[in-house]
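For reference, the structure discussed in these notes is given below.
When reading the values below, keep in mind they use all heavy atoms of this one structure, side chains included, and skip hydrogens, waters and symmetry mates. Chain naming here is simple, since letters A, B, ... match the order of the sequence lines and numbering starts at 1 in each.
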Protein chains: 2
Amino acid sequence: MKPKLTLKQIAFELDVSVSTVSKALRDSPEIGEDTRQKVKAFAKLYNYKPNNIALSLKNRKTRTIGLVLPEIVHDFFATVISGIEEVANKKGYNVIICLSNNSFDREVMNMEMLANGSTDGFILSVAKETQQKRDYHHLQEVINQGMPVVLVDRVVDEIICDKVIIDDAEGAAKAVQHLIDSGCRSIAIITTVDYVSVGKLRTNGYLNALRKNNITVNEDLILKIEDIDQSQEQIDEFLKSRNVDAVFAVNEQFAASAVKALVSKGLTVPEDVLVISFSDGELSRRFMPSLSTVNQHGAEMGARAAQLLIERLERVVDEERYQTAIINTSLIERESTLKTKKPVV
Amino acid sequence: MKPKLTLKQIAFELDVSVSTVSKALRDSPEIGEDTRQKVKAFAKLYNYKPNNIALSLKNRKTRTIGLVLPEIVHDFFATVISGIEEVANKKGYNVIICLSNNSFDREVMNMEMLANGSTDGFILSVAKETQQKRDYHHLQEVINQGMPVVLVDRVVDEIICDKVIIDDAEGAAKAVQHLIDSGCRSIAIITTVDYVSVGKLRTNGYLNALRKNNITVNEDLILKIEDIDQSQEQIDEFLKSRNVDAVFAVNEQFAASAVKALVSKGLTVPEDVLVISFSDGELSRRFMPSLSTVNQHGAEMGARAAQLLIERLERVVDEERYQTAIINTSLIERESTLKTKKPVV
DNA sequence: TTTCAACACGAAAACGTTTTCGGACCGGTA
DNA sequence: TACCGGTCCGAAAACGTTTTCGTGTTGAAA
């Protein structure tokens, strides 16, 4: 077990000073050609790499991004991570990930932990519980300390900083419009409780689309789910007693559950009822029937967030001028909204 | 924007020395009761938190775990991360995540990046390309530098270190046995190319189970897939021309594709053909029919890996004695292997 | 009064870098 | 000879901690 090579070691071996070694390696003109070569050769031979921690301390920069997410077993967030990782790595940054598990306390803890020198800035999607409490002091605090924050997807209006979102309402409207264009008039929505920002926005999009097409909103066709663990039962129950020709679900899980509920009711998707989902993931792609959905482009959101954060860290961007990047959604049409004759099996 | 409070600042404000402040905060008996109280009160008031980077440099420990994974948009790895995060956080460690995207070069780069002081040790699941190249010098290198490594899931025999795996062969055998017990005799397997260690092991489990039950292996029922992106076509093609009463797939995606292929062939699952998958994820749970599967307990694997690594970092464990933890698999029976009368729809 | 603990605190080194500043040496010019 | 300007290098400070060691003050014992 050889300990890591340091400047001091090299200096000792070559009988020069530490500063000489440092300067030689950084090609300072202060150092004579021959010693420079000697040092560089030695460093290369023994594979010297500067110690990141020491550099961080010296430069007061860690080249590390703190990422705090509500969950990770979820295609959307996974793709966001991929996007962040991609650009962060390209620019020489590391990504430190913490999971809040949708808990406010863990979110606060994680941020405090990372704020003490571990990272230069944050990318964050706030926990459900945080949205419910509306307590954002931990965000404001790190911002006050001069650490830039970029909010992703689940943003909060009260905090002024860079943000990356999709136009949830527009995406939802697009989905619902697609259902309407397919001839549906009795469209149910399966959504989340209102304090989940994106859920509320998607609900709004649903409502807007209906109004725009002069379809009267039927409150009885709106199901708001609090806990995803009991969603299947609630959806079964909900759909059993209602006659609809289409269902819009604000996430893949709800959509899959809806299909299941409809089938168990003896209906067929898409022949009898169209179903469209939100957030394109493995489930939508592989489901039978494959699910039409609104693509959130998670990787792109992550990439954009990382880019915004790094630009701010490297001050190429105007201080005090924050921007909100809106990533386009796109409608992916698959089998679940394909209105055709029932195929002969 | 207030800069972070440091010991020096506190010392200056309170007109004592830095060492006094440090000792007071750590409750050293060297410091008189009154100054101690004064310092602690001040620190609390202004919410002093020691700088992690400085601590890392001083202690030569970062309390950070480097995690290098092939991919993340994949339920299994996502649950592994959850498990690691959980115990790491509990023990006061951070987790730095890097993605190799199954590329050898990126895996090497990531490890070199993290090895220069950023982390105390590694948890790693090797990239597909690395398994193919059989080049593990980057692993040996960090180990030689005294950084412990724990391999997870995709392990390599050539490296001596702690490992966490499941008994892939046994899990696969369990799945196949379940099919046999349900009366199937003509069982196809959809697996990966052999250099993917877990794929090969699962294939072996399949073979073992058949032999144990005196079913002759039919090489024609074995499909090895290299690239998941073209898997659907290959699986369609494969199943179209073969008559089987069951399919064992080594992952969820293949299983879903298999069902799709069978259905498009006019067959029904599970009435005509049973299908069982490996790795319990969202897809298996939500699919229609829901897929029976072998649960890998990813969170548990991650938790165990983190535990092993931390134990080694904190030297509570015998040096030079490495262990391989084998996490139990469990068979989850769902609709896709439920042999019943065809329900009346 | 002297001596000696005990007590309370500060100075300094160390972790591994980078950078500023100063200095030694050498050649050339006045 | 005296001075000056380069060239090449080293000492030291700094980043924010912890810890070892030293030191000054006090009070009590001799």
I'd like to know if [X] and [Y] make a salt bridge, using a cut-off of under 4.0 Å between side-chain N and carboxylate O.
X        : Y        : answer
B:Arg63  : B:Asp120 : no
B:Glu314 : B:Lys91  : no
B:Glu300 : B:Arg304 : no

Out of [options], whichever nucleotide has its closest atom nearest the side chain of [X]:
X       : options                : answer
A:Arg60 : D:dT17, D:dG16, C:dT18 : D:dG16
B:Ser19 : D:dC15, C:dT18, C:dA12 : C:dA12
A:Thr20 : D:dC9, D:dT18, C:dA11  : D:dC9
A:Tyr48 : C:dC15, D:dC9, C:dT17  : C:dT17
B:Val16 : D:dT17, C:dG10, D:dG16 : C:dG10
A:Lys23 : C:dC9, C:dT17, C:dT20  : C:dT20
B:Thr6  : D:dG16, C:dC15, C:dC9  : D:dG16

**Report entry** Approximate separation, where rounding is to 0.5 Å, of A:Lys61 NZ and A:Leu313 CG
**Finding:**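 Here the rounded value is 7.5 Å.
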Query raised in the report: How far does CD of A:Glu71 sit from CG of A:Asn101, to the nearest 0.5 angstrom?
Result: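 If we round to the nearest 0.5 Å, A:Glu71:CD and A:Asn101:CG are 8.0 Å apart.
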Ignoring backbone atoms, establish whether [X] has a side-chain N or O less than 4.0 Å from OP1 or OP2 of [N].
X       : N      : value
A:Ser22 : C:dT17 : no
A:Lys58 : C:dC15 : no
B:Ser17 : C:dA11 : no
A:Lys8  : C:dC15 : yes
B:Arg26 : D:dT19 : yes

**Report entry** Residue whose nearest DNA chain D nucleotide is more 5′ - A:Val21 or B:Ala54
**Finding:**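 Taking each residue's closest nucleotide, the earlier one in sequence belongs to A:Val21.
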Query raised in the report: What does B:Leu7 touch in the nucleic acid at a heavy-atom separation under 4.0 angstrom: a base, only the sugar-phosphate, or nothing?
Result: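 Base, at least one base heavy atom under 4.0 Å.
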Report task. Select base, sugar-phosphate, or nothing to describe what A:Thr35 touches, counting heavy atoms under 4.0 Å on all strands. Result ->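 The answer is sugar-phosphate, as A:Thr35 gets under 4.0 Å only of primed atoms, P, OP1 or OP2.
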Check the distance between [N]'s [atom2] and [X]'s [atom1] and give it to me in whole angstrom.
X       : N      : atom1 : atom2 : result
A:Glu33 : D:dC8  : CD    : P     : 9 Å
A:Asn51 : D:dC15 : CG    : C1'   : 13 Å
B:Ile10 : C:dC9  : CD1   : C1'   : 17 Å
B:Asp15 : C:dA8  : CG    : P     : 19 Å
A:Asn59 : D:dG16 : CG    : P     : 12 Å
A:Ile31 : C:dC21 : CD1   : P     : 17 Å
A:Lys4  : C:dT17 : NZ    : C1'   : 14 Å
A:Asn52 : C:dT17 : CG    : C1'   : 11 Å

Query raised in the report: Would you call the rings of B:Tyr46 and B:Phe42 parallel, tilted or perpendicular if under 30° counts as parallel and over 60° as perpendicular?
Result: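 Ring orientation of B:Tyr46 relative to B:Phe42: tilted.
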Query - 5' priority, DNA chain C, between B:Arg36 and B:Leu57 [closest heavy atom] - result: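 In this pair, the answer is B:Arg36.
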Query raised in the report: Is the base of D:dC9 touched by the side chain of A:Glu30 through a donor-acceptor pair closer than 3.5 angstrom?
Result: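 Side chain to base: pair present.
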